[in-house]
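Following: one structure in structure tokens, then a few remarks.
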Amino acid sequence: MSVVCPARRQLLKGLGGVALMSLLPAKAMASRSTKGSRALSFYNIHTGERQDGVYWLDGQYLGDTLSSFNHLLRDHRQNLEAPMDKRLFDYLYQLQQQLGTTEAVHVISGYRSPKTNAMLRSHSSGVAKKSFHMSGMAMDIAIPGMKLSHVREAALSLKLGGVGYYPKSGFVHIDCGPVRHW
């Protein structure tokens, strides 16, 4: 029978706690923090517009930055913008953290008006009748320098919402609806 001295017992307890904390998902630990900043960078492939900025600072979303993001993510066919769900920006931020990149997110589709969604649906069976794009809760994206399959796998691992994989069209769909994939 081995005897463990009190100092060694404390050290082992401390190391056990550190090991336990390392098993927690990064998003669980990060969600408690109200200090720091979160930034994103976008490139809209249809309009050629670029936008970047800090959208969250010390626990607060920054309205001016969110407004500029909403403009870039507008329905370019109808020139209509809508407020995008803040959770979508957090999803993208965590996705980039998971992938280890700060490259601009290439936006294929952000907000869609009901008229645009109906038009796209008439041309493709892959467009949902009640798409989360119409609620500002979805984006179709690609990230330069990242394999589309890696973007998909990283998004799936986060379990923050829906993930659609469209390799022939060159994008991954993410939304902040229920966790599911296709």
Side-chain angles (χ1 to χ4, degrees), residues 25-27 30 38-53 55-56 65-182:
K27 66 181 179 185
R38 299 178 195 155
L40 289 169
S41 183
F42 294 105
Y43 171 71
N44 186 315
I45 68 161
H46 298 290
T47 65
E49 295 168 308
R50 293 183 181 274
Q51 186 64 54
D52 59 65
Y55 73 92
W56 186 91
T65 305
L66 293 177
S67 292
S68 67
F69 288 173
N70 291 339
H71 180 73
L72 180 127
L73 297 167
R74 72 191 178 281
D75 178 340
H76 68 277
R77 291 172 180 90
Q78 304 296 318
N79 200 31
L80 294 173
E81 57 183 83
M84 300 299 285
D85 194 308
K86 294 173 190 133
R87 295 174 300 167
L88 195 56
F89 298 123
D90 292 333
Y91 191 165
L92 281 169
Y93 179 79
Q94 288 186 45
L95 180 60
Q96 287 197 311
Q97 296 295 299
Q98 183 84 1
L99 291 165
T101 184
T102 57
E103 283 292 322
V105 174
H106 284 206
V107 178
I108 289 81
S109 183
Y111 170 71
R112 283 189 209 146
S113 67
K115 182 177 180 178
T116 293
N117 200 71
M119 181 275 295
L120 292 172
R121 190 169 153 70
S122 72
H123 292 91
S124 171
S125 62
V127 177
K129 185 175 185 176
K130 295 183 179 182
S131 171
F132 281 113
H133 286 277
M134 295 188 300
S135 302
M137 294 173 58
M139 275 189 235
D140 297 337
I141 63 164
I143 301 175
M146 292 282 147
K147 287 186 178 181
L148 215 51
S149 60
H150 291 159
V151 174
R152 174 186 183 260
E153 291 304 315
L156 287 170
S157 75
L158 292 172
K159 297 181 180 170
L160 293 174
V163 179
Y165 185 50
Y166 298 91
K168 289 181 182 172
S169 299
F171 67 86
V172 172
H173 166 99
I174 64 167
D175 66 55
C176 48
V179 175
R180 68 214 185 289
H181 64 91
W182 60 94

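Quick caveat, the model's predicted, so the values are computed rather than measured.
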### Task
Rounded to the nearest 0.5 Å, what's the gap from CG on Asn117 to CD on Gln78? Could you check?
11.5 Å
### Query
Looking at CE of Met134 and CG of Asp75, how far apart are the two atoms once the value is rounded to the nearest 0.5 Å?
11.0 Å
### Query
Just how far is it from atom OH of Tyr93 to atom CG of Leu40, taken to the nearest 0.5 Å?
8.5 Å
#### Entry: Aromatic plane relationship, Tyr43 with His106 - under 30° parallel, 30 to 60° tilted, over 60° perpendicular
tilted
#### Entry: pair Ile141-Leu92: side-chain heavy atoms closer than 4.5 Å
yes
#### Entry: Results of salt bridge (Lys or Arg N to Asp or Glu O under 4.0 Å) for Arg77 - residues two or more places apart only
none
### Task
Write down the atom of Ala155, the atom of Tyr91, and the distance for their closest heavy-atom approach.
O-OH, 3.7 Å
### Task
Please identify each residue that fulfils side chain to side chain donor-acceptor pair (under 3.5 Å) with His71, with sequence neighbours left out.
Arg74, Glu81
### Query
Should Arg152 and Val163 count as side-chain neighbours, where that means a heavy-atom distance under 4.5 Å?
yes
### Summary
What one should report as the nearest heavy-atom pair of Arg180 and Asp175 is NH2-OD2, 2.8 Å
### Task
Give the minimum heavy-atom separation between Gly170 and Ala142, together with the two atoms involved.
O-CB, 3.7 Å
### Query
Looking only at atom types and distance, does a side-chain atom of Asn44 sit under 3.5 Å from a main-chain N or O of Glu49, one as donor and one as acceptor?
no
### Message
To check you understand the geometry: which heavy-atom pair defines the closest contact between Gln98 and Ala154, and what is its length?
### Response
CG-CB, 3.7 Å
## Note on the structure
Value for CD1 (Ile108) from OH (Tyr166), rounded to nearest 0.5 Å, stands at 12.5 Å
### Query
With a 4.5 Å heavy-atom cut-off, do Leu80 and Thr116 have their side chains touching?
no
### Message
Please find the pair of heavy atoms, one from Thr47 and one from His76, that lie closest to each other, and give the distance.
### Response
CG2-CB, 3.8 Å
### Check: Ala128 main-chain N/O paired with Ser131 side-chain donor or acceptor under 3.5 Å
no
### Task
Find the distance between NZ (Lys168) and CG (Leu148) and round it off to the nearest 0.5 Å.
13.5 Å
### Query
At their closest point, which heavy atom of Leu99 faces which heavy atom of His150, and how far apart are they?
CD2-O, 3.7 Å
### Query
Below 4.5 Å, heavy atoms only, C-beta onward: do Phe89 and Leu73 meet side chain to side chain?
yes
### Message
Are Trp182 and His173 packed together at the side-chain level, in the sense that at least one heavy-atom pair is separated by less than 4.5 angstrom?
### Response
yes
### Query
How long is the span from the OH atom in Tyr165 to the CD atom in Glu153, to the nearest 0.5 Å?
8.0 Å
### Message
Does His46 have more than 12 heavy atoms from other residues, nucleotides or ligands lying within 6.0 Å of its NE2?
### Response
yes
### Task
Would you please test His133 and Asp140 for side chain to side chain donor-acceptor pair (under 3.5 Å) and show each step?
CA-CA 9 Å; His133 286 277; Asp140 297 337; 3.2 Å; yes
### Query
Aromatic rings Phe42 and Phe69: how do their planes relate, parallel, tilted or perpendicular, breaks at 30° and 60°?
perpendicular
### Short side-chain to backbone donor-acceptor contact, Asp85 and Gly136, under 3.5 Å
no
### Task
Determine, stepwise, if the pair Thr101 / Glu103 fulfils side chain to side chain donor-acceptor pair (under 3.5 Å).
CA-CA 6 Å; Thr101 184; Glu103 283 292 322; 5.2 Å; no
## Note on the structure
Which of His123, Arg121, Lys115 passes side chain to side chain contact (heavy atoms under 4.5 Å, CB included) with Met119? It is His123
